[in-house]
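These notes are about the structure you will find just below.
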Amino acid sequence: MADAVTMDKIVSLSRRRGFVFPSSEIYGGMGSTFDYGHYGVLMKNNIRERWFEAMVRNRDDIVAIDSAIILHPKVWEASGHVAGFTDPLIDCRTCKLRFRADKLEDSQCGLKPSKHPGETPECDLTEPRRFNLMFETTVGALQEEGSRAYLRPETAQGIFINFKNVLQIARRKPPFGIAQIGKSFRNEITPGNFLFRVREFEQMEMEFFVPPDEAEKWYRYWIDERLNWYRRYGLRDSKLRVREHGPEERSHYSQGTSDIEYEYPIGWGELEGIANRGDFDLTQHAEYSTTKLEYVGQDGERYVPYVIEPAVSIERIMVALLVDAYDEEVVGERERTVLRLHPKMAPVTAAILPLIGKSDDMVAKARSLYEDLRRRHSVEYDDSGAIGRRYRRQDEIGTPWAFTVDEQTLADDTVTVRDRDSLAQERIPIAGVGEWLEGALERDWKSPKAN
Ligand code: ATP
């Protein structure tokens with residue numbers, strides 16, 4: 001069966017079920033800015049947690065950092081962002097819209113949306129101009145020269161400027177990495193496609209410092225590691241690919257860049273970038289700050305490490321997970337929408353439902369199971385409405401399992417477990433539910449969606 005997913009369906013489900021709302025709606029909205037509702041927050045927490053676990057907690061060679069969002073303005077001079085973090089911009093004098101000169105094929109003409117800018121006789125385009133994507137702000141009470149600062153457009157620089165601290169205080173030696181999760185801001189000219197391109201997003205970046213002659217090996221290693229992470233969390237192989245940049249496409253600092261791409265409903269797009277940044281950043285900061293940023297070994301060996309960087313945003317992962325999970329099917333003549341999310345990514349791990357919401361006995365048993373499970377898991381209790389409706393609600397938010405307390409529970413203390421994907425039901429003792437859930441969460445999981 002063809003994949004039923006479209007970006008519109010994802011946007012509408014996200015809104016209907018309270019994952020993501022358009023921001024500032026009561027004031028008429030703020031284009032391409034979003035607020036996360038309860039399930040969106042839970043899902044973002046899961047994405048963050050799974051990344052942190054793979055990149056920091058389960059490793060001996062990577063430590064965490066949380067740097068400031070507003071850094072010394074010189075950081076962005078050294079990094080090349082003040083001079084070079086720009087997109088080429090074109091204005092149309094007729095429709096007054098603004099486009100990225102390098103993305104005209106992805107844009108729509110303001111007068112004739114079926115055409116690209118420049119394709120109608122009325123189009124009157126300016127020459128491209130450079131436009132810096134950094135948001136500026138002023139620090140302190142006086143808006144004078146010297147108080148200008150920027151909101152960080154990437155988290156990476158906050159890592160480089162702490163290289164020396166980590167080397168000395170965390171007593172690390174290359175190869176080692178520093179990981180950071182936090183908001184980044186870019187004044188994107190053409191944001192859009194839901195969360196795919198937004199002006200504020202949460203980046204997860206890791207800078208891995210290595211001896212220069214090992215850079216190529218580690219670059220390949222991180223491409224594989226990151227690709228495997230997406231596979232582990234259920235993204236289908238047919239929707240993932242690695243695309244290596246040609247020399248003309250690479251950023252100024254890069255010695256090699258590969259994108260892990262996902263096939264979004266809008267086509268293949270960058271999910272995560274893995275770059276070999278060479279010694280560019282440490283060398284620049286050493287020069288601008290006049291602080292030596294190098295590794296000195298006990299035997300006197302010294303060098304400026306090369307850096308391998310996997311960089312991604314929670315937003316792009318969230319869209320990929322939602323798109324990959326979205327499914328529609330007809331079961332017993334009724335249509336259901338279901339998010340077939342990996343159980344460790346789903347906002348709610350299990351629903352606890354009394355079959356009859358008005359039965360005090362069932363409610364008491366279900367509540368007690370819920371109170372027990374909520375200490376360790378993200379679980380939800382629901383006793384309102386028909387059971388079928390409650391199941392479908394959980395299907396739509398991607399809850400992998402539901403435990404239902406029914407008539408038989410009152411007689412023998414067993415509950416049914418309903419599986420979101422197969423709809424199979426089995427009975428297990430109520431006392432064993434916690435253990436059952438732990439086991440189920442550790443099982444390998446593969447998307448039941450056809451490729
Ligand atoms: P693009 O070419 O799509 O603008 P980029 O190459 O500028 O992306 P990087 O600077 O490599 O992106 O940023 C690293 C990661 O941060 C990207 O792979 C993506 O996951 C995420 N990211 C970048 N810009 C945005 C954005 N505007 N909204 C959401 N996520 C973003």
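Atoms within each ligand, like the ligands themselves, are counted from 1 in listed order. Hydrogens, waters and symmetry mates play no part in the numbers below; they use all other heavy atoms, side chains included.
Within 4.0 Å of ligand 1, the residues that place a heavy atom are Arg186, Glu188, Leu195, Phe196, Arg197, Val198, Phe201, Gln203, Glu270, Leu271, Glu272, Gly273, Ala311, Val312, Ser313, Arg316, listed by chain and number.
With sequence neighbours excluded, the residues forming a side chain to side chain donor-acceptor pair (under 3.5 Å) with Glu261 are Arg241, Arg243, listed by chain and number. Under the ring-ring contact (aromatic ring centres under 6.0 Å, His included) criterion, Tyr221 pairs with Trp218, sequence neighbours left out. For Glu287, there are no salt bridge (Lys or Arg N to Asp or Glu O under 4.0 Å) partners two or more places apart in sequence or in a different chain.
Residues Ser23 and Asp35 have side chains that bring a donor and an acceptor to within less than 3.5 angstrom of each other.
A side-chain contact (heavy atoms from CB on, under 4.5 Å) with Phe176 is found for exactly one of Ile62, Asp60, Val166, Val210, namely Val166.
The shortest distance between side-chain heavy atoms of Glu205 and Pro310 does not fall below 4.5 Å.
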